[in-house]
Each structure stands twice: as C-alpha cells, then as structure tokens.
Amino acid sequence: MISDTNEIIEKVLIDEESLNLRIKKLASYINEHYKDEDTLIMVAILKGSVMFMAELAKYIKVDTNLEFMAVSSYESGTESSGNVKILKDLDTDITDKNVLIVEDIIDTGHTLLKLKNNLQKRDPKDIKIITLLDKPERREVEIKPDWYGFKIPNEFVVGFGLDYDQRLRNLPYIGVLKREVYEK
Ligand code: XMP
Ligand code: MG
C-alpha cells in the first residue's frame, strides 16, 4: 500500500513560499550576470533538478536554451557511490557557449566535479554552477556552486524534485525524511 506522505516526513525544512521567493532572487542574479552575454545554456541534471529548473527558468530574462542530462551517482537508497555515469547526454554542442549547470543538491560533490570535468572537455566559453541546496558539511572534493539557494544541515531531504527511492519528488516543499523510513 502507498503510505500517506505526511507519515514519512519528519518536518518541512523549506516551505513552498520560501522556495519560490529564493528562486526568484536567484533568477535575478542570473539575469544580471548574463545580461551582456550572447549565449546561456542551462543544463539541469535529471531527475532531481527538474522542479528547480522549471521554477528558475520562468524568471530568466536572457535568451536561454534548456538542456537536460542524466547521470547516475546514487544507487537506490541514501548512500553515495561516488561514480558518475552519463545516462543521457546533451542534445546540443556547447563549444564557446556559456553553460550553467542547474543542480538540486551538492552533497559530497563527486557527481558535480566529474560532470564539470566532462563538460569542460567540450570547450565551452564558461561553466557556472547553481544549486538549490548545498550540504557543505558533506563535501569530499573541492567544488563550490557559483550560486546556491539554501545551505542545509546533513540530513536526508526529499521533495521539490528530490527523491527517496524515486518517491516524493512531487512534494512542493523540501522535507526531512523520518530516519526510520530509510533505516528499516
Ligand atoms: P554528490 O554526493 O555526488 O551527490 O554531491 C549529489 C546527488 O546525490 C543526491 N543526493 C540526495 N538526494 N536527498 C536526495 O533526495 C538528499 O539529501 C541527497 N543528498 C544527495 C542527489 O541526486 C544529488 O544530485
Ligand atoms: Mg541529483
């Protein structure tokens, strides 16, 4: 049986209104930063970044292409494996283009570092990173977002694109999962 989501969420960490306000603010930084540039390719990492990309892109005023990549780093569950495999590549050439990687969360940083290195080999003009959430305590490699939405403590979060075993991505807020859910 599918359980009621309220029963598996410990607490709401970031509510819908705070997310929307912050994302509008982030969009204003992006607009300002790229206002004199000719290109901007926003690259969201599937599936976790879909909601963030959709919400952010609504407020982007500069001409942009929305692109998607799928990489795998997490198996199912909550442990990071540190390995990145490209499951779906870009549909477009990024040579001499400005690329903005749109991430849901930076945890250990392994995924993003490998992805960034991969994209760098394609000779883009520039690569920047925006992440909705940052868990700086968990970082294992040197990588920092150029913009972030919220720094969060070391807790497993779900919602607004983020999943637990492919579930809960549709929640309109960021919530903390009850420990008993993933420890059982
Ligand atoms: P790394 O460790 O490589 O991992 O920075 C980044 C990816 O791991 C996933 N991730 C999470 N997913 N709740 C989730 O639903 C979390 O608290 C969490 N922490 C890391 C996520 O897919 C991210 O892109
Ligand atoms: Mg992800």
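One-based numbering, in listed order, for ligands and for the atoms of each. Side chains included, hydrogens not; waters and symmetry mates left out as well; all remaining heavy atoms used.
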Under 4.0 Å, counting heavy atoms only: does [X] come that close to any atom of ligand 1?
X	value
G48	no
E140	no
E155	yes
L112	no
D163	yes

Show which atoms of ligand 1 fall inside a sub-4.0 Å distance from at least one heavy-atom site of [X].
X	result
T111	1 (P), 3 (O), 4 (O), 6 (C)
T108	1 (P), 2 (O), 3 (O), 5 (O)
K135	16 (C), 17 (O), 18 (C), 19 (N)

> Taking non-hydrogen atoms only, is R138 closer than 4.0 angstrom to ligand 1 via side chain, backbone, both or neither?
Replying inline: neither
> Any idea which part of D104 is under 4.0 Å from ligand 1, heavy-atom wise: side chain, backbone, both or neither?
Replying inline: side chain
>> Would you call the rings of Y34 and W147 parallel, tilted or perpendicular, taking 30° and 60° as the class edges?
In response: tilted
>> Heavy atoms only: which of D107, V141, I105 lies closest to atom 21 (C) of ligand 1?
In response: I105
> If hydrogens are left out, which of L168, V157, L46, L162 has an atom nearest to atom 13 (N) of ligand 1, that is, the closest non-hydrogen atom?
Replying inline: V157
> Salt bridge or not for K125 and E37, using N-O below 4.0 Å?
Replying inline: yes
> Are any of the side-chain nitrogens in D123 or K121 under 4.0 Å away from the carboxylate oxygens of its partner?
Replying inline: no
>> Could you see if I14 belongs to whatever hydrophobic cluster contains Y59? Use Ile, Leu, Val, Met, Phe, Trp, Tyr and a side-chain cutoff under 4.5 Å.
In response: no
> Does Y148 belong to the same Ile/Leu/Val/Met/Phe/Trp/Tyr cluster as L132, with side-chain heavy atoms less than 4.5 Å apart forming each link?
Replying inline: no
> Strictly by modelled atom types, are D134 and T131 linked by a side-chain donor-acceptor pair under 3.5 Å?
Replying inline: no
> If we only count N/O pairs under 3.5 Å, is V158 in contact with ligand 1?
Replying inline: no
>> What verdict does the salt bridge (Lys or Arg N to Asp or Glu O under 4.0 Å) test give for D96 and R122, after you've listed the backbone C-alpha separation in whole Å, the side-chain angles of each residue and the deciding distance to 0.1 Å?
In response: CA-CA 9 Å; D96 299 327; R122 308 179 194 194; over 6 Å; no
>> Other residues, nucleotides and ligands only: do more than 12 of their heavy atoms fall within 6.0 Å of CG on N154?
In response: yes
> Quick check: does any side chain N or O of T108 sit under 3.5 Å from a backbone N or O of E140, one acting as donor and the other as acceptor?
Replying inline: no
